[in-house]
Number of protein chains: 2
Amino acid sequence: MKMNEGVEWALHSCVNLCFIPGEAVTAKRLAAFYDLPAAYLNKQLQALAKAGILSSTSGPKGGFQLARRPDKITLLDVVIAIDGADDAFRCTEILHAGPGADPKADYRKTCLVSQAMRKAELTYRRELASQTIADIVAQVESTYPDSADNTRHWFANLKS
Amino acid sequence: MKMNEGVEWALHSCVNLCFIPGEAVTAKRLAAFYDLPAAYLNKQLQALAKAGILSSTSGPKGGFQLARRPDKITLLDVVIAIDGADDAFRCTEILHAGPGADPKADYRKTCLVSQAMRKAELTYRRELASQTIADIVAQVESTYPDSADNTRHWFANLKS
DNA sequence: GGCCCGGTACTCGGATACTAAATGTCCGAGTGCGGAAGG
DNA sequence: CCTTCCGCACTCGGACATTTAGTATCCGAGTACCGGGCC
């Protein structure tokens, strides 16, 4: 069980975009901030844009910005945009191959093993959905106010 | 985020082993029950044995059996044995590359994004740890008593 | 007849291929800006 | 001097390699049983 690494980048990028409201930021600059491969980060940002989390603009003065208020973007939204909506535990309905199986049964719902795993994943997703980008930003502001200021200045000026 | 498919097999196999107490069952027979590739299932069972969940015996009349009581085997134990203990979300501490970073800081603990993700995973693991193989077996017994009997007979007799 | 011993068949165990997916890179389509030309 | 138009530089967007991890298979090490030989 390994989550796409782009999720980390996407979350941090969303947080950083919160510090630069109303302005399009290019993938290159977001990548330079953490010294990430720009082209690959761009790909992740595209996924966020396709999911309606970011809005993108082409051409000079183009870039990405949040498509909606940070308190309307949950961590689950970002995870699903980058990593897909599929459950980690995939019930392949092996019971179908077992003796005395009902060919028309939907074991994804009736199999108790599947139910137990699904139940756990549900709590996971519920927890992710309960936290928003705005929450993270607020925590950063209160816990590391200097860091927040530094980030703002870095993106405001061209140099670090 | 995709979990190893062997987890499903391992869980079902553990449940089935509960129906055959005190007897070693070969990987081949466990695989035949669901028409799975025997060699690959064997590999998963080895992982369970290495984790101390199953005990293995070589030679004729050999096979696998539960190494401890089913109510002492949590779903988390099985997941970790097959899929590894690493968190799905891997904090690569990209903050280290950011401006104004503290080289000696452990961002896996201080990074708020990492904390938020870890918090969600913790609830997931807690939920998995709260359910045992014995719970699943008990649910099967009460919900599908016929299925439980069928399984017992299938393993008792050589034919289905 | 009973005991011992070797061969055999069967099991797990780990080393070895194969396949899919994540990771990383590259080039093309589209767009706004800047400058030059003309009025 | 102001307006218009063209070329350019910069951006996202998706198609294309590369590397890693998951999937699957195979053969060797070990062990209990079974049969024959010996006492």
Side-chain angles (χ1 to χ4, degrees), chain A residues 1-10 13 17 23-32 34-67 79 81-86 88-90 92 94 158, chain B residues 1-10 13 17 20 23-32 34-67 79 81-90 92 94 158:
Chain A
M1 188 166 57
K2 191 165 64 71
M3 177 173 286
N4 202 313
E5 190 173 5
V7 171
E8 183 183 13
W9 305 357
S13 295
L17 282 174
E23 184 178 345
V25 183
T26 70
K28 185 189 292 184
R29 292 188 68 199
L30 284 170
Y34 292 124
D35 195 24
L36 300 173
Y40 192 28
L41 176 63
N42 184 30
K43 189 175 186 172
Q44 316 295 348
L45 298 177
Q46 281 176 41
L48 293 179
K50 195 169 291 184
I53 296 171
L54 301 185
S55 66
S56 61
T57 317
S58 274
K61 296 290 175 183
F64 295 91
Q65 53 188 318
L66 295 182
V79 168
I82 303 291
D83 213 51
D86 291 344
F89 179 85
R90 299 159 289 167
T92 58
I94 63 177
L158 288 177
Chain B
M1 187 166 57
K2 191 164 64 69
M3 177 172 285
N4 203 314
E5 189 172 5
V7 171
E8 183 184 14
W9 305 358
S13 294
L17 282 173
I20 325 289
E23 182 178 346
V25 182
T26 69
K28 186 189 290 187
R29 292 188 68 200
L30 284 170
Y34 292 125
D35 195 25
L36 300 174
Y40 191 28
L41 176 63
N42 185 30
K43 186 174 186 174
Q44 316 296 346
L45 297 177
Q46 280 177 42
L48 292 179
K50 194 170 293 182
I53 295 171
L54 301 184
S55 67
S56 61
T57 316
S58 274
K61 295 291 176 185
F64 296 92
Q65 52 188 317
L66 294 182
V79 168
I82 303 291
D83 212 52
D86 291 343
D87 285 333
F89 179 85
R90 300 158 289 167
T92 58
I94 62 177
L158 287 177

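Order of the sequence lines fixes the chain letters, A, B, ..., with proteins taken first and strands second; residue numbering starts at 1 for each chain. Everything quoted here is computed from the prediction, not taken from an experiment.
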Checklist entry - Rounded to the nearest Å, what distance is computed from the CE atom of residue A:Met1 to the P atom of nucleotide D:dA21? => result 16 Å
Item to check | Length of the line joining B:Asn42:CG and D:dT25:P, which is rounded to integer Å | outcome: 13 Å
Item to check | 5' priority, DNA chain D, between A:Thr26 and B:Gly6 [closest heavy atom] | outcome: A:Thr26
Checklist entry - Per the atom types in the model, does the base of C:dG24 pair as donor or acceptor with the side chain of A:Lys43 at under 3.5 Å? => result yes
Checklist outcome for this item: Between B:Phe64 and A:Pro60, whichever has its closest DNA chain C nucleotide further toward 5' is B:Phe64
Checklist entry - For B:Leu17, does its backbone N or O pair with a side-chain atom of B:Gln65 as donor and acceptor, under 3.5 Å? => result no
Checklist entry - Is there a side-chain polar atom (N or O) of A:Arg90 under 4.0 Å from OP1 or OP2 of D:dT23? => result yes
Next on the checklist: Taking any heavy-atom pair under 4.0 Å as a contact, classify B:Asn4: base, sugar-phosphate, or nothing.
Outcome noted: sugar-phosphate
Checklist entry - Atom CG of A:Leu41 to atom C1' of C:dA22: distance rounded to whole Å? => result 16 Å
Checklist entry - Less than 4.5 Å apart, any side-chain heavy atom of A:Asp86 and any of B:Lys2? => result no
Checklist entry - Looking only at side-chain N and O atoms, does B:Lys28 come under 4.0 Å of OP1 or OP2 in C:dT11? => result yes
Next on the checklist: Tell me whether the side-chain N/O atoms of B:Lys2 come closer than 4.0 Å to OP1 or OP2 in D:dA21.
Outcome noted: no
Checklist entry - What integer distance in Å separates A:Leu54:CG from D:dT11:P? => result 17 Å
Checklist entry - How many Å lie between CD on A:Glu8 and P on C:dA22, as a whole number? => result 17 Å
Next on the checklist: Under 4.0 Å, heavy atoms only, any strand: does B:Ala24 hit a base, just the sugar-phosphate, or nothing?
Outcome noted: nothing
Item to check | Separation of D:dA29 C1' from B:Gln46 CD (nearest whole Å) | outcome: 13 Å
Next on the checklist: Whether A:Lys61 contacts D:dA9 is assessed here as follows: a side-chain N or O lying under 4.0 Å from the phosphate OP1 or OP2. Is that the case?
Outcome noted: no
Checklist entry - Do A:Ser56 and A:Gln46 get their side chains close enough for a donor-acceptor pair, meaning under 3.5 Å? => result no
Checklist entry - Would you say a side-chain N or O of A:Ser56 is under 4.0 Å from OP1 or OP2 of D:dG13? => result yes
Next on the checklist: Can you identify which nucleotide, out of D:dG14, D:dT23, C:dC12, has its nearest atom closest to the B:Tyr40 side chain?
Outcome noted: D:dT23
Checklist entry - In whole Å, what is the span from the NZ atom of B:Lys50 to the C1' atom of C:dA15? => result 12 Å
Checklist entry - How long is the line joining CD1 of B:Ile94 and P of C:dT23, in whole Å? => result 14 Å
Checklist entry - Is a donor on one side and an acceptor on the other found under 3.5 Å between the side chain of B:Glu5 and the backbone of A:Arg90? => result no
Checklist entry - What's the verdict on side chain to side chain contact (heavy atoms under 4.5 Å, CB included) for A:Met1 and B:Asn4, showing C-alpha distance, side-chain angles and the deciding distance? => result CA-CA 6 Å; A:Met1 188 166 57; B:Asn4 203 314; over 6 Å; no
